[in-house]
Amino acid sequence: MNDYTAPDFARTPIDEESAALLAIGGLELRLIDAADTEARRHWHRATARGFHDGAPDDNELVRRLANTAGDRVTAVLDATAADPLTPVATVRSWPMGLSVPGGGTLPAWAISSVTVSPTHRRRGLARALLTAELRTAHGLGLPLAMLTVSEATIYARYGFGPAAHQASITITTGDARPAPAAPAGTGRLHFVSPESLRHDAPAIFEAARRRGAGDVDRRDSLWDQILGFTTPALAEPSEAAAPAPTTAATPTRQTVRFDDPTGRPQGFAVYSVTLEGDAYPGRLDVVDLVAATDAAYTALWRFLLDLDLIGEVSAPLRSIAEPLVWQLENPRAVRASAERDHLWLRLLDVPAALEHRRYAAPGVFLLDVSDDLGIAGGEFLLTVSPDGAGSAHPLAAGEASPAGAAHLSLSVAALSALYLGGPSAVVLSRAGRVTEHTEDAATQVDAAFRSGQPPHLSTWF
């Protein structure tokens with residue numbers, strides 16, 4: 001399943017059920033073909049308005065058109081509106097690989113650019129769009145859907161659960177002395193050109209994201225943005241990975257690569273320095289720091305924290321459990337702020353999703369999954385072998401579950417939150433989100449589902 005290719009996904013027909021519901025209210029659900037440049041221009045203007053961005057000029061529209069040309073772009077149109085060509089609701093989607101526990105990747109339906117015009121609130125537009133996306137993804141054979149969200153109160157009603165969190169961290173460099181037992185990290189650091197790193201970075205990232213769970217494929221446009229070849233169109237997720245191309249890298253952006261003792265690139269950092277009123281010490285902003293080995297991680301952070309004339313280092317979109325905290329003599333030098341949910345998952349095919357990740361402990365689990373949308377509900381039996389492999393299937397009529405199976409009931413949103421090993425089933429049980437039918441069922445789920453480190457998504461999409 002890792003080599004999944006959706007057959008012409010961008011032209012998959014509009015979901016008839018959602019289209020019919022919107023038509024009752026005089027609205028049209030329409031697929032906007034990439035060849036219909038004018039319609040896509042109106043669509044991009046609508047998404048910019050939805051995220052309170054300035055109206056994109058012609059050059060910006062050309063850039064956005066190029067960056068979303070391969071996506072499935074959907075709009076809701078109101079022929080009675082004063083501007084009937086500009087959508088009153090938008091969404092776009094595409095298949096994207098998600099790293100899962102055990103080092104593999106699983107194809108998921110990425111959903112982005114979800115907007116509804118404030119003139120059309122409470123008319124069922126968001127529900128029509130999202131349920132249409134889920135049915136489309138399920139019809140394409142994708143086991144998961146996912147999104148990054150600006151608001152956390154919307155998506156649970158569609159079966160999404162918060163599966164990965166992130167935090168912004170700030171480090172005071174004067175207090176960031178390494179702990180006596182902190183590893184030194186063997187290897188060598190090099191300043192490299194952005195063009196050189198553009199060649200090496202994708203392979204480093206692929207190796208790094210397989211060490212954990214929760215990260216996704218990076219598009220070429222995102223790499224160009226990270227390395228300073230482009231300027232981000234928006235700060236929020238709808239277009240953050242689809243920046244505007246320019247002709248040169250941002251002059252203040254620095255790129256550093258770490259090589260192991262054999263000369264193999266194993267990590268990199270991209271950063272910029274800001275001076276307040278041209279005065280020192282300055283603030284260093286980490287644009288991206290990726291490490292495929294612990295030695296690379298240690299060396300890159302040590303390099304950044306030891307730079308002269310820097311008083312503070314700031315890094316967004318970091319893990320909620322950074323090893324850096326434990327490498328410093330004074331852990332209070334690292335201040336985490338704005339910890340929040342980041343990646344929301346939605347299981348569409350429970351057996352396929354459960355079988356394509358690895359587990360930390362063996363066990364047999366009977367999962368009663370409820371799904372208000374009728375896509376992924378049912379009773380499922382998951383059997384995890386001692387080597388961490390899982391097999392799963394719907395419980396057939398009349399089939400008895402094995403004796404001793406850990407039995408619990410939960411919504412598809414709760415199972416989706418648990419899928420990458422982030423939250424605890426015991427905590428969800430205490431919160432009333434999981435119901436145990438056998439003793440210590442949630443504890444057994446935690447033992448099997450847990451991940452060595454919290455799932456982490458390093459970007460928006």
Side-chain angles (χ1 to χ4, degrees), residues 166-178 182 185 187-205 207-209 215 218 221-232 235 240-241 243 246 248-259 265-319 322-325 327-328 333-338 456-460:
Q166 54 92 1
S168 297
I169 64 172
T170 303
I171 306 107
T172 304
T173 58
D175 297 329
R177 294 180 296 276
R188 184 177 179 184
L189 288 156
H190 307 265
F191 277 110
V192 295
S193 68
E195 293 79 8
S196 171
L197 193 56
R198 181 66 181 84
H199 176 270
D200 295 325
I204 297 171
F205 173 76
R209 77 176 180 128
D215 228 326
R218 287 188 174 183
S221 57
L222 179 58
W223 282 117
D224 290 342
Q225 175 188 322
I226 288 169
L227 293 168
F229 297 116
T230 64
T231 302
T246 57
T250 305
T252 58
R253 197 158 289 189
Q254 303 292 334
T255 46
V256 178
R257 192 188 72 217
F258 174 84
D259 295 349
Q266 298 285 12
F268 66 87
V270 183
Y271 68 93
S272 61
V273 173
T274 301
L275 302 179
E276 296 293 336
D278 294 326
Y280 296 106
R283 186 188 76 246
L284 185 149
D285 294 303
V286 178
V287 179
D288 200 20
L289 188 152
V290 174
T293 65
D294 292 340
Y297 179 92
T298 299
L300 289 165
W301 273 114
R302 193 72 261 150
F303 171 83
L304 296 177
L305 296 177
D306 283 347
L307 284 173
D308 292 335
L309 308 178
I310 301 297
E312 188 174 83
V313 174
S314 176
L317 290 175
R318 299 304 304 180
S319 169
E322 286 286 335
L324 174 66
V325 176
Q327 293 182 338
L328 300 180
V334 182
R335 304 184 303 280
S337 62
H456 173 231
L457 172 62
S458 62
T459 62
W460 290 97

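FYI, side chains are in, hydrogens and waters are out, and symmetry mates aren't considered; it's all heavy atoms of this structure.
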- Message: Checking A208 now: which residues fulfil side-chain contact (heavy atoms from CB on, under 4.5 Å) with it, not counting sequence neighbours?
- Response: V290, A292

- Non-hydrogen atoms of G282 and L275 that approach each other most closely: CA-CD2, 3.6 Å

- If you take all heavy atoms of L305 and T173, which pair is closest and at what distance? O-CB, 3.8 Å

- Query: Considering residues at least two apart in sequence or located in another chain, which fulfil the side-chain contact (heavy atoms from CB on, under 4.5 Å) criterion with D306?
  - Reply: R302

- Quick one: CG on L222 to CZ on F205, what's the gap to the nearest 0.5 Å? 8.5 Å

- Item | Test side-chain hydrogen bond (donor to acceptor under 3.5 Å, both in side chains) applied to Q266 - qualifying residues, sequence neighbours left out | D260

- For R283, the salt bridge (charged side-chain N to carboxylate O under 4.0 Å, His left out) test, sequence neighbours excluded, returns E276, D285

- Item | Partners meeting salt bridge (charged side-chain N to carboxylate O under 4.0 Å, His left out) with R318 (sequence neighbours left out) | E322

- Message: Taking salt bridge (charged side-chain N to carboxylate O under 4.0 Å, His left out) as the definition, give me every residue that meets it alongside R218, ordered by chain and number, with sequence neighbours left out.
- Response: D288

- Query: Residues in side-chain hydrogen bond (donor to acceptor under 3.5 Å, both in side chains) with R177, at least two apart?
  - Reply: E329

- Query: How close do L328 and A176 get, heavy atom to heavy atom, and via which atoms?
  - Reply: CD2-O, 3.7 Å

- Message: Checking F303 now: which residues fulfil ring pair (Phe, Tyr, Trp, His ring centres under 6.0 Å) with it, not counting sequence neighbours?
- Response: F191

- Query: Who are the side-chain hydrogen bond (donor to acceptor under 3.5 Å, both in side chains) partners of S168, not counting sequence neighbours?
  - Reply: none

- Item | Shortest non-hydrogen contact between L300 and F268, atoms and distance | CD1-N, 3.4 Å

- Check step by step if side chain to side chain contact (heavy atoms under 4.5 Å, CB included) holds for V313 and W301. CA-CA 10 Å; V313 174; W301 273 114; 4.0 Å; yes

- Message: Set out, in order, the CA-CA distance, both residues' side-chain angles and the distance that settles side chain to side chain contact (heavy atoms under 4.5 Å, CB included) for D224 and R198, then state yes or no.
- Response: CA-CA 8 Å; D224 290 342; R198 181 66 181 84; 3.1 Å; yes

- Any residue meeting side-chain contact (heavy atoms from CB on, under 4.5 Å) with L309, in chain and number order, not counting sequence neighbours: Y280

- Item | Counterpart residues, side-chain contact (heavy atoms from CB on, under 4.5 Å), relative to V287 (two or more places apart) | I226, R253, V270

- H190: side-chain hydrogen bond (donor to acceptor under 3.5 Å, both in side chains) partners, not counting sequence neighbours: D259

- Between L317 and W460, does a side chain to side chain contact (heavy atoms under 4.5 Å, CB included) hold up when you go through it step by step? CA-CA 9 Å; L317 290 175; W460 290 97; 4.2 Å; yes

- Task: Mind listing the closest non-hydrogen atom pair of L197 and P202 along with its distance?
- Result: O-CD, 4.3 Å

- Under the side chain to side chain contact (heavy atoms under 4.5 Å, CB included) criterion, do I169 and V325 qualify, and how do the steps go? CA-CA 10 Å; I169 64 172; V325 176; over 6 Å; no

- At their closest point, which heavy atom of P281 faces which heavy atom of I310, and how far apart are they? CB-C, 3.9 Å

- Do any N or O atoms from the side chain of R257 and from the backbone of V192 form a donor-acceptor pair under 3.5 angstrom? no

- Do other residues, nucleotides or ligands put more than 12 heavy atoms under 6.0 Å from R188 CZ? no

- Message: Any side-chain to backbone donor/acceptor pair from Y297 onto L324? Under 3.5 Å, distance only.
- Response: yes

